[in-house]
Amino acid sequence: MDQRNLRDLTVSAVGLGCMGMSEFYGAGDDDESIAVIHRALDLGCTFLDTADMYGPFTNERLVGRAIAGRRHEVVLATKFGNERREDGSWVGVNGRPDYVHRACDASLQRLGVEHIDLYYQHRVDTEVPIEDTVGAMAELVEAGKVAHLGLSEAGVATIRRAQSVHPITALQSEYSLWTRDVEAEILPAVRQLGIGFVAYSPLGRGLLTGAYRSAADLPEGDTRTQRFPRFGPDHLDRNLALVERVRELAERKGCTPGQVALAWVLAQGEDVVPIPGTKRRRYLEENMAAVTVALDVEDLAWIDANIGEASGDRYADMGTVNR
């Protein structure tokens, strides 16, 4: 697996998002999920992404069990800030300094590790100055509990203010060949500041793989139709039509639609790292093989000309996206 640099942190060119192993995308299978993580490490995918809210809390425990005995092979990223209770209910976005410390200690315990390689604020708390939140995160670095700091779904002004307090290693935001709003201001700003970019949902939450032909194809218990308007009745047909165009290019390239989608993200710069999620080994292997798919200038131009923005908002509630 090739390596890429997020500022001063070296990670595998493709990471693994672990969220769906525990929540939102139907029932999980912990044994298979652990096997996925082990297979990822075997393939050289070292960059694992989780968060305390996934489950809630169960995903960090799962990742912790999976990396036990292999911690030295892992660049471990987790997140705080979307506060939830054990019963799954939502408290809200929390960036208070005292909570930053409590959340980190709880994540370290669940993960069973002594430090977190990359610690993100999951969402910006608009009621707390970002300088206060990042100041508390910087104290975690000083204490040796965290190595690098990150932000997720933060706007340019917030990023600049955060950077004035402590170097920000990575910004994580949604980015894919049909979700490109970060290109207008966010990507230029983080590049100017020397901050790496982590692209979550590079497969359009699974739609860009071509695995779903209708909402009925989603597994039982899957919440994507409720949480993400792009899966809803007002938008799904148009988005599936865009996926067919991705499939057309994939057939010409001799690969899968998902590999085209990941190859596109990889082609956006050496400072961009996609973290596709999966809970099955066969899909993991397909995703990792995307590094072998080369999109030339003509392919990229064809994508620009034939595949536009996805229909529908990214979330049912966009209120926590800081722009």
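Computed from heavy atoms alone, side chains included, the values below leave out hydrogens, waters and symmetry copies. Nothing here was measured: the structure is a model prediction, and the numbers come from that model.
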Checklist entry - Hey, quick one: are Val36 and Val291 part of the same hydrophobic cluster, counting side-chain heavy atoms closer than 4.5 Å, chains of contacts allowed? => result yes
Checklist entry - Is there a donor-acceptor pair closer than 3.5 Å between any side-chain N or O of Asn59 and the backbone N or O of Cys18? => result yes
Checklist entry - Taking the side chain from Arg84 and the backbone from Met53, do they hold a donor-acceptor pair closer than 3.5 Å? => result yes
Next on the checklist: Return the CD1 to CG distance between Ile303 and Leu242, rounded to the nearest 0.5 Å.
Outcome noted: 12.0 Å
Item to check | Any donor-acceptor pair under 3.5 Å from Asp217 side chain to Arg213 backbone | outcome: yes
Item to check | Donor on one side chain, acceptor on other, Thr179 and Glu309, under 3.5 Å | outcome: no
Checklist entry - Do Ser22 side-chain atoms and Met19 backbone N/O form a donor-acceptor pair below 3.5 Å? => result no
Checklist entry - Would you say Leu262 and Val243 are hydrophobically clustered, going by side-chain heavy atoms of ILVMFWY under 4.5 Å? => result no
Next on the checklist: Side chains of Arg70 and Thr46 only: does a donor on one sit below 3.5 Å from an acceptor on the other?
Outcome noted: no
Item to check | Contact summary for Gln268 and Arg191, nearest pair of heavy atoms | outcome: O-NH2, 2.8 Å
Item to check | Evaluation steps, side chain to side chain contact (heavy atoms under 4.5 Å, CB included), between Phe228 and Asp313 | outcome: CA-CA 7 Å; Phe228 309 114; Asp313 285 338; over 6 Å; no
Next on the checklist: Applying side chain to side chain contact (heavy atoms under 4.5 Å, CB included) to Arg123 and Glu153, what does each step give before you reach the verdict?
Outcome noted: CA-CA 6 Å; Arg123 290 292 185 272; Glu153 292 288 4; 3.5 Å; yes
Item to check | Arg238 CZ to Leu240 CG distance, which is reported to the nearest 0.5 Å | outcome: 11.5 Å
Next on the checklist: Between Lys279 and Glu32, does any NZ, NE, NH1 or NH2 come within less than 4.0 Å of an OD or OE carboxylate oxygen?
Outcome noted: no
Checklist entry - Do the charged groups of Asp30 and Arg65 touch, with an N to O distance under 4.0 Å? => result yes
Item to check | Cationic N near anionic O, under 4.0 Å, Lys79 to Asp49 | outcome: yes
Next on the checklist: Testing the basics here: between Asp125 and Val93, what is the closest heavy-atom pair and its distance to 0.1 Å?
Outcome noted: OD2-O, 3.4 Å
Next on the checklist: Would you say that Ile37 contacts Met21 through its side chain, given a criterion of any heavy-atom pair below 4.5 Å between the two side chains?
Outcome noted: yes
Next on the checklist: Please find the pair of heavy atoms, one from Leu193 and one from Arg160, that lie closest to each other, and give the distance.
Outcome noted: CD2-NH1, 3.8 Å
Checklist entry - Does Phe24 have Arg227 sitting over its ring (NZ/CZ under 6.0 Å from centre, angle to axis within 45°)? => result yes
Checklist entry - Just by distance, do the side chain of Tyr119 and the backbone of Cys104 share a donor-acceptor pair under 3.5 Å? => result yes
Checklist entry - Going only through I, L, V, M, F, W and Y residues with side-chain contacts under 4.5 Å, is there a path from Leu207 to Val260? => result yes
Checklist entry - Just checking, any donor-acceptor pair under 3.5 angstrom between side chains of Thr50 and Glu60? => result no
Next on the checklist: Is the positively charged end of Arg252 above the ring of Trp302, judged by distance under 6.0 angstrom from the centroid and angle within 45° of the axis?
Outcome noted: yes
Checklist entry - Does Phe57 share a hydrophobic cluster with Tyr99, counting links as ILVMFWY side-chain heavy atoms below 4.5 Å and allowing steps through other members? => result no
Checklist entry - With no hydrogens and no angle check, is any side-chain donor or acceptor of Arg230 less than 3.5 Å from a backbone partner on Gly312? => result yes
Item to check | N/O donor-acceptor pair under 3.5 Å between Arg7 side chain and Ile168 backbone | outcome: yes
Item to check | Verdict with supporting geometry, Val297 and Asp299, side chain to side chain contact (heavy atoms under 4.5 Å, CB included) | outcome: CA-CA 5 Å; Val297 173; Asp299 296 326; over 6 Å; no
Checklist entry - So if you build clusters from Ile, Leu, Val, Met, Phe, Trp, Tyr with side-chain heavy-atom gaps below 4.5 Å, do Val124 and Val190 land together? => result no
Item to check | Arg224 to Tyr25 six-membered ring, cation-pi geometry met (6.0 Å, 45°) | outcome: yes
Next on the checklist: Quick check: closest heavy atoms across Glu86 and Pro56, and the distance to 0.1 Å?
Outcome noted: O-CG, 4.1 Å
Next on the checklist: Less than 3.5 Å apart, any donor N or O on the side chain of Ser311 or Asn239 sitting next to an acceptor on the other?
Outcome noted: no
Checklist entry - Is a donor on one side and an acceptor on the other found under 3.5 Å between the side chain of His38 and the backbone of Ala66? => result yes
Checklist entry - How long is the gap from OH on Tyr175 to CD1 on Ile186, to the nearest 0.5 Å? => result 12.0 Å
Next on the checklist: As an exercise, state the distance from CG of Leu171 to CZ of Phe197, rounded to the nearest 0.5 Å.
Outcome noted: 5.5 Å
Checklist entry - Regarding Thr10 and Asn5, is there a side-chain donor-to-acceptor distance under 3.5 Å anywhere? => result yes
Next on the checklist: Test side chain to side chain contact (heavy atoms under 4.5 Å, CB included) on Arg247 and Thr256; report intermediate values, then the result.
Outcome noted: CA-CA 7 Å; Arg247 191 189 306 276; Thr256 68; over 6 Å; no
Next on the checklist: Pair Asp52, Arg61 - check salt bridge (charged side-chain N to carboxylate O under 4.0 Å, His left out), show working.
Outcome noted: CA-CA 9 Å; Asp52 57 4; Arg61 296 186 184 108; over 6 Å; no
Checklist outcome for this item: Ser176 and Val265 have their tightest heavy-atom pair at CA-CG2, 4.2 Å
Checklist entry - Do the side chain of Thr158 and the main chain of Ala154 share a donor and acceptor less than 3.5 angstrom apart? => result no
Next on the checklist: Looking at every non-hydrogen atom in both residues, tell me the closest pair between Ser152 and Tyr200 and how far apart they are.
Outcome noted: OG-CE2, 4.4 Å
